[in-house]
2 protein chains.
Amino acid sequence: MKITRNTVAKTAVLEIFGNSTTALSHTEIQKQLNEVCDRVTTYRILDRLIQDDIIHKIVDLDGTVKYAKCRHEHRVHIHNHAHFSCENCHEITCLENVKPSYLIPHSYKVKDINFTLSGLCPKCSS
Amino acid sequence: MKITRNTVAKTAVLEIFGNSTTALSHTEIQKQLNEVCDRVTTYRILDRLIQDDIIHKIVDLDGTVKYAKCRHEHRVHIHNHAHFSCENCHEITCLENVKPSYLIPHSYKVKDINFTLSGLCPKCSS
DNA sequence: TATTAATTGCAACTTTGTTGCGTTATATAA
DNA sequence: TTATATAACGCAACAAAGTTGCAATTAATA
Ligand SMILES: [Zn+2]
Ligand SMILES: [Zn+2]
Ligand SMILES: [Zn+2]
Ligand SMILES: [Zn+2]
């Protein structure tokens, strides 16, 4: 594996994630970066952060791609957690503790699950 | 609502869905159509078929958009069913009978669920 | 401070999907 | 069968999202 370096742009991206409680799209990040770097660079930084397990990629119900910080609680990286997509504010939040149970024919070999709930988030339903 | 007409292109698209057991992307459908109509027309036909509840749209884990026939079994249209995405052959199949159960904080108002399992399909795991 | 490779900017390109508009074809009624 | 209204179509143009190649820059470390 390549050694990843700490650059001005990468630090700026990490700070943006640090200030956000919801998932962010490339476009949203790019706007917040405010000319710090080229959009291609932002794509590459996001790729590196995913490889380093610092963020994860989420595909929203409408196909929109977003990114969110990974939480490595209890020294265990929780993969495959559920997400909530608000139909009103369009924010995506990680639901680290929601784990669906299900039954599927044995002929399918399940390796990964993707569970996204949609509706109104706490902020929008009150 | 508008009245939808039966056209040559629409009939061709329906036949393609009739011959497929898995979900199809716009590009795959367009190839199979073999010059029957313009790609814009195919997009519009797919939109109409969705509005008429004849097909449904599926967003794969990687963001790829596909379409699959709706099965109206028992006179009831099963919405929100699960899907299986094969990491090997990249086929998406509807899992009409897989229904996840889960627990989520009451502060979220869930209206819709999206459940996609991935791994190896029966064909690819044998 | 010098070196090496990771990172960046920029231009160009691809893929996917949308929109406007003049033309064509379908369904229905005379 | 023919006339008519409008759904559907083709085409060109556009937009958003993401990728690639390459030369220039910069971070890490020796
Ligand atoms: Zn909301
Ligand atoms: Zn998450
Ligand atoms: Zn398969
Ligand atoms: Zn389905």
Side-chain angles (χ1 to χ4, degrees), chain A residues 1-17 22-68 83 85 90-92 116, chain B residues 1-17 22-68 83 85 90-92 116:
Chain A
M1 263 213 280
K2 279 188 184 179
I3 294 163
T4 53
R5 293 181 180 174
N6 292 315
T7 63
V8 176
K10 183 185 167 188
T11 306
V13 170
L14 282 175
E15 201 190 320
I16 290 168
F17 277 114
T22 57
L24 301 166
S25 68
H26 169 269
T27 310
E28 289 166 337
I29 294 165
Q30 191 61 31
K31 267 183 201 144
Q32 285 196 49
L33 278 172
N34 213 74
E35 314 274 291
V36 167
C37 66
D38 190 79
R39 60 188 202 93
V40 177
T41 301
T42 307
Y43 275 116
R44 297 199 259 231
I45 288 172
L46 291 170
D47 285 345
R48 266 181 281 147
L49 293 178
I50 288 171
Q51 279 180 13
D52 292 349
D53 258 344
I54 293 169
I55 62 172
H56 58 287
K57 190 175 179 174
I58 309 156
V59 177
D60 201 357
L61 304 181
D62 61 358
T64 312
V65 173
K66 298 203 173 183
Y67 306 86
H83 291 103
S85 172
H90 296 102
E91 283 186 355
I92 294 188
T116 304
Chain B
M1 262 216 279
K2 280 189 184 178
I3 295 163
T4 52
R5 295 178 180 177
N6 291 315
T7 62
V8 176
K10 183 184 167 188
T11 307
V13 170
L14 283 175
E15 200 190 323
I16 289 169
F17 276 114
T22 58
L24 301 166
S25 69
H26 169 269
T27 310
E28 290 165 339
I29 294 165
Q30 192 60 29
K31 268 184 200 142
Q32 286 196 49
L33 278 172
N34 213 75
E35 313 275 291
V36 167
C37 66
D38 191 79
R39 60 188 201 92
V40 177
T41 300
T42 307
Y43 275 117
R44 296 198 261 230
I45 289 171
L46 291 170
D47 285 345
R48 265 180 282 146
L49 294 178
I50 288 172
Q51 279 180 14
D52 293 348
D53 257 343
I54 294 169
I55 62 172
H56 57 286
K57 190 174 178 174
I58 309 156
V59 177
D60 200 358
L61 303 182
D62 60 358
T64 312
V65 173
K66 299 202 172 183
Y67 307 86
H83 292 103
S85 171
H90 296 102
E91 283 187 356
I92 294 189
T116 304

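Convention: sequence-line order gives letters A, B, ...; per-chain numbering from 1.
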Name every donor-acceptor pair, under 3.5 Å, that has one atom in a side chain of residues 26-44 of chain A and the other anywhere in the protein, sequence neighbours excluded.
| residue | atom | partner | partner atom | Å |
| --- | --- | --- | --- | --- |
| H26(A) | NE2 | R39(A) | O | 3.1 |
| E28(A) | OE1 | S25(A) | N | 2.8 |
| E28(A) | OE1 | S25(A) | OG | 3.4 |
| Q30(A) | OE1 | T42(A) | OG1 | 2.5 |
| Q30(A) | NE2 | C37(A) | O | 3.0 |
| D38(A) | OD2 | V40(A) | N | 3.0 |
| T42(A) | OG1 | D38(A) | O | 3.3 |

Could you pull out every donor-acceptor pair under 3.5 Å between side chains of residues 58-65 of chain A and any protein atom, sequence neighbours left out?
| residue | atom | partner | partner atom | Å |
| --- | --- | --- | --- | --- |
| D60(A) | OD1 | S85(A) | OG | 2.9 |
| D60(A) | OD2 | S85(A) | OG | 3.4 |
| D62(A) | OD1 | T64(A) | N | 3.0 |
| D62(A) | OD1 | T64(A) | OG1 | 2.6 |
| D62(A) | OD2 | T64(A) | OG1 | 3.0 |

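Shown here are the side chain to side chain donor-acceptor pair (under 3.5 Å) partners of T22(A), two or more places apart in sequence or in another chain: there are none.
I50(B) places its CD1 atom 13 Å from the C1' atom of dG17(C), with the value rounded to the nearest Å. Rounded to an integer number of Å, the gap from R48(A) CZ to dA6(C) P is 11 Å. Rounded to a whole Å, the CG atom of D38(B) is 18 Å from the P atom of dG22(C). One can place CD of E28(A) at 14 Å from C1' of dA17(D), the figure rounded to the nearest angstrom. The distance from atom CD of E35(A) to atom P of dT8(C) is 16 Å, rounded to the nearest whole Å. Rounded to an integer number of Å, the gap from D47(A) CG to dT8(C) C1' is 14 Å. The CD1-P distance, from I45(A) to dG18(D), rounds to 15 Å in whole Å. At whole-Å resolution of the value, CG in D62(A) and P in dA17(D) are 11 Å apart.
Overall, the helix from dT1(C)-dA30(D) to dA30(C)-dT1(D) carries an axis bend of 30° between its ends, with five pairs at each end and the value rounded to 10°.
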(request) Report the C-alpha separation of L14(B) and I54(B) in whole Å, then their side-chain angles, then the decisive distance to 0.1 Å, and conclude whether the side chain to side chain contact (heavy atoms under 4.5 Å, CB included) test is met. (result) CA-CA 9 Å; L14(B) 283 175; I54(B) 294 169; 3.8 Å; yes
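Here the CG-CZ distance, from L24(A) to F17(A), works out to 5.5 Å after rounding to the nearest 0.5 Å. Between the OG1 atom in T4(B) and the CG atom in L49(B) there is a gap of 8.5 Å [rounded to 0.5 Å]. The CG atom of D52(A) lies 11.0 Å from the CG atom of D47(A); values are rounded to the nearest 0.5 Å. Going from atom NZ of K66(B) over to atom NE2 of H56(B) covers 12.5 Å, rounded to the nearest 0.5 Å.
Residue pairs meeting the side-chain hydrogen bond (donor to acceptor under 3.5 Å, both in side chains) criterion with at least one partner in residues 5-15 of chain A, sequence neighbours excluded, are N6(A)-K10(A).
Side-chain contact check for T116(A) versus T116(B): every heavy-atom pair is 4.5 Å or farther apart.
If R44(B) and G63(A) are placed on DNA chain D by their nearest nucleotide, the residue sitting closer to the 5' end is R44(B).
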What nitrogen or oxygen pairs link the protein and nucleotides 12-16 of chain C at under 3.5 Å?
| residue | atom | partner | partner atom | Å |
| --- | --- | --- | --- | --- |
| dT16(C) | OP2 | T27(B) | OG1 | 3.4 |

Distances under 3.5 Å between protein N/O atoms and the N/O atoms of nucleotides 26-30 of chain D, please, pair by pair.
| residue | atom | partner | partner atom | Å |
| --- | --- | --- | --- | --- |
| dA27(D) | O3' | N6(A) | O | 3.4 |
| dA27(D) | N3 | R5(A) | NH1 | 3.0 |
| dA28(D) | OP1 | N6(A) | N | 3.1 |

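Nearest to the side-chain atoms of H26(A) among the listed nucleotides dG17(C), dC22(D), dG18(D) stands dG18(D).
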